[in-house]
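Input: a single structure, listed below in structure tokens.
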Protein chains: 2
Amino acid sequence: MKYLDILLALLKLGVRCDRTVLITTQELGRLLNISQQSASRLLCRLEKEGYIQRESSPIGTKVSLTSKAMGELLEAYKILHKTFTGLQYEMILCGKVFTGLGEGKYYVTLPYYYRMWQEKLGFSPYPGTLNIRLEPEYIRLRKILENIPAIEIKGYSNKLRSYGGVKCFKGEIENIECALLLIERTHYGPDVIEIIAPVCLREKLKLKDGDKVKVRVKL
Amino acid sequence: MKYLDILLALLKLGVRCDRTVLITTQELGRLLNISQQSASRLLCRLEKEGYIQRESSPIGTKVSLTSKAMGELLEAYKILHKTFTGLQYEMILCGKVFTGLGEGKYYVTLPYYYRMWQEKLGFSPYPGTLNIRLEPEYIRLRKILENIPAIEIKGYSNKLRSYGGVKCFKGEIENIECALLLIERTHYGPDVIEIIAPVCLREKLKLKDGDKVKVRVKL
DNA sequence: ATTACTAAAAGACGAGTAA
DNA sequence: TTTACTCGTCTTTTAGTAA
């Protein structure tokens, strides 16, 4: 939590985990009320300690935030959200249901993953994923999810096959417990999320392709 | 924004603008990874710079946050909220409509205040206030509103009469533009807010006493 | 323009300790 | 037990300046 004020200043300048911004140490210094030299040293240190990615040149420094920074900012956000709303923070994502190619079903039921769902998510999922194509304004949030702490299922390879990693968030979809999966090796773009749940969401919620759904992610 | 990490640590310990907590410099030091001495110095400084109220004794220090601190925390919260939700922050308050004693109408139309509404809120209000008794869980939020920057209408006295100050927040009630008023000299308790709007909200929204309404405050 | 080095000054730190 | 002072040390800062 040591660099919160500085990370916040970077957010103010438009820097994100998925957005690199060219800033000068002078303007950063002005924003933080420190000298250009201190701002320069600060960026060096933030990089060394893993909070930013950085590329300096004679015209300025290109900066983006790392997952470590996003994680700390989220921690701060959670405390503040609790303070200013009295509520636990949930990220809400909206999108439309679509039918995939059936690989979801295949992966969910692979023994390695199936054990992991039970162990790390605490439920045995219905064999299949609900594919959701996010509305454009939510893609930014999905990218944030990629960069904050989550329930991680590590990928691994043996001689026979290799398993990609999966990042999971517990949540709810129309009041039904579910988990949002960010699948490392997916052929879908950054606008797609996959959901698993103990029940068949398509049936339970009577969903057809194109139906709009709202997923609440608990962070 | 300099003491954000420290103010956040205080929030974590349960300190609020309306809640004094007894803490020891030792535990604060442990939380911030600094010595007891530095934590002590820090609290002195926070007090001197107007971020906390403080009362130290041989059993510890009673600490509460000032409006200045709440304002800075809110600034941080707004940036983070924008980052993590993509939305502007709004505080939502819920409560039930009730009928007052008619003083709302009297005050709203007093020439001094009427000029102020027009000047500072940008509309000419319907002559009357909508009184709302907040549900218990929202009283905390009302107290936060009291302690953050707002549109201020200063009170003043002359020989004839004295006018109390009013703190205003712009907002919406069921999609109708309105303003929430926190009236300095009110005989209502901290669970009551008063709303003014360019239209008669009771008529427009067909409200009866006891009806539940939701006010969105834009911060 | 920039970034970022060096050196000297300023400020922050914890140990010891009084109250 | 507390808080919070002094003091010596160490860290951080800025000004000057090189690249």
Side-chain angles (χ1 to χ4, degrees), chain A residues 1-17 19-66 68-69 72-73 76, chain B residues 1-17 19-66 68-69 72-73 76:
Chain A
M1 296 295 213
K2 210 166 125 198
Y3 299 113
L4 221 61
D5 43 351
I6 298 146
L7 294 177
L8 227 68
L10 292 176
L11 280 186
K12 249 190 201 162
L13 290 167
V15 181
R16 299 291 135 90
C17 51
R19 187 137 131 258
T20 298
V21 174
L22 182 73
I23 58 182
T24 67
T25 51
Q26 198 142 83
E27 66 177 323
L28 182 63
R30 211 174 327 109
L31 205 61
L32 293 169
N33 276 309
I34 54 176
S35 65
Q36 172 273 318
Q37 292 87 339
S38 290
S40 170
R41 246 172 333 94
L42 212 45
L43 289 179
C44 294
R45 212 157 101 189
L46 286 173
E47 185 184 39
K48 212 169 68 189
E49 299 191 22
Y51 291 97
I52 62 168
Q53 269 146 351
R54 165 169 158 277
E55 206 180 311
S56 35
S57 75
I59 59 155
T61 307
K62 286 182 180 174
V63 179
S64 67
L65 297 176
T66 64
K68 182 174 177 182
E72 298 221 352
L73 288 167
Chain B
M1 296 293 212
K2 210 165 127 199
Y3 299 112
L4 220 61
D5 42 352
I6 297 148
L7 294 177
L8 227 68
L10 291 176
L11 281 186
K12 252 190 198 160
L13 290 168
V15 182
R16 298 293 135 90
C17 52
R19 187 137 132 257
T20 298
V21 174
L22 181 73
I23 58 181
T24 67
T25 52
Q26 199 143 80
E27 66 177 322
L28 182 62
R30 211 174 325 109
L31 204 62
L32 293 169
N33 275 310
I34 55 177
S35 66
Q36 173 272 319
Q37 292 87 337
S38 290
S40 169
R41 247 195 318 254
L42 211 45
L43 289 180
C44 294
R45 212 157 101 190
L46 286 174
E47 184 185 38
K48 212 169 67 190
E49 298 191 24
Y51 290 98
I52 61 168
Q53 269 147 352
R54 164 170 159 277
E55 205 181 311
S56 35
S57 75
I59 59 154
T61 307
K62 286 183 180 172
V63 179
S64 67
L65 296 176
T66 63
K68 182 174 176 181
E72 298 220 353
L73 287 168

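Throughout, a chain's letter reflects where its sequence line sits, starting with A, and its residues are numbered from 1.
Around atom NZ of B:K62, no more than 12 heavy atoms belonging to other residues, nucleotides or ligands sit under 6.0 Å away.
Considering only heavy atoms from C-beta on, A:L28 stays 4.5 Å or farther from A:V63 through its side chain.
Of the candidate nucleotides D:dT2, C:dA15, D:dT14, D:dT2 has the atom nearest to the side chain of B:Q26. For B:Q37, the side-chain atoms get nearest to C:dG14 when compared with the rest of C:dT3, C:dG14, D:dT14. The listed nucleotides are D:dT3, C:dG14, D:dA4; the one nearest the side chain of B:T24 is D:dT3.
The closest donor-acceptor contact from the side chain of B:T61 to the backbone of B:T24 lies at 3.5 Å or more, if one exists at all. A side-chain donor-acceptor contact under 3.5 Å links A:E72 to the backbone of A:M1. A side-chain donor-acceptor contact under 3.5 Å links B:T66 to the backbone of B:G50. Between the side chain of B:R16 and the main chain of B:S64, no donor-acceptor pair closer than 3.5 Å is present.
The distance between atom CG of B:L28 and atom P of D:dT2, rounded to the nearest whole Å, is 13 Å. In this structure, A:K48 atom NZ and C:dT3 atom C1' are separated by 16 Å, rounded to whole Å. Separating the CD atom of A:E49 from the C1' atom of D:dT12 is a distance of 14 Å, rounded to the nearest angstrom. Across the protein-nucleic acid pair, B:N33 atom CG and C:dA12 atom C1' stand 16 Å apart, rounded to whole Å. If you take CD of A:E47 and P of C:dT3, they are 13 Å apart, rounded to a whole angstrom. As rounded to whole Å, 13 Å separates atom P of D:dT12 from atom CG of A:L46. Look at NZ on A:K2: it is 12 Å from P on D:dT11, rounded to the nearest Å. Spacing between atom CD1 of A:I34 and atom P of C:dG11 amounts to 15 Å, rounded to whole angstrom units.
Within the structure, every side-chain polar atom (N or O) of A:S40 is placed at least 4.0 Å from both OP1 and OP2 of C:dT3. Listed pair B:R45 / D:dA4 fails the phosphate criterion, with no side-chain N or O lying under 4.0 Å from OP1 or OP2. Side-chain N/O atoms of B:S35 include none lying less than 4.0 angstrom from OP1 or OP2 on C:dC13. Put simply, A:R41 has a side-chain N or O that comes within less than 4.0 Å of OP1 or OP2 on D:dT13.
A:L43 comes within contact range of no nucleotide atom at all, as no heavy-atom separation falls under 4.0 Å. At the heavy-atom level, B:S56 lies under 4.0 Å from the strands shown only through sugar-phosphate atoms. Within 4.0 Å (heavy atoms only), A:S38 reaches at least one base atom of the nucleic acid. The residue A:I23 sits close only to the backbone: its heavy atoms come under 4.0 Å of sugar-phosphate atoms, none of a base.
Nucleotide D:dT1 forms a pair with no other nucleotide shown, judged by Watson-Crick or G-U wobble geometry with both contacts under 3.5 Å.
Mapping B:Q36 and B:L42 onto DNA chain C by nearest heavy atom places B:L42 at the nucleotide closer to the 5' end.
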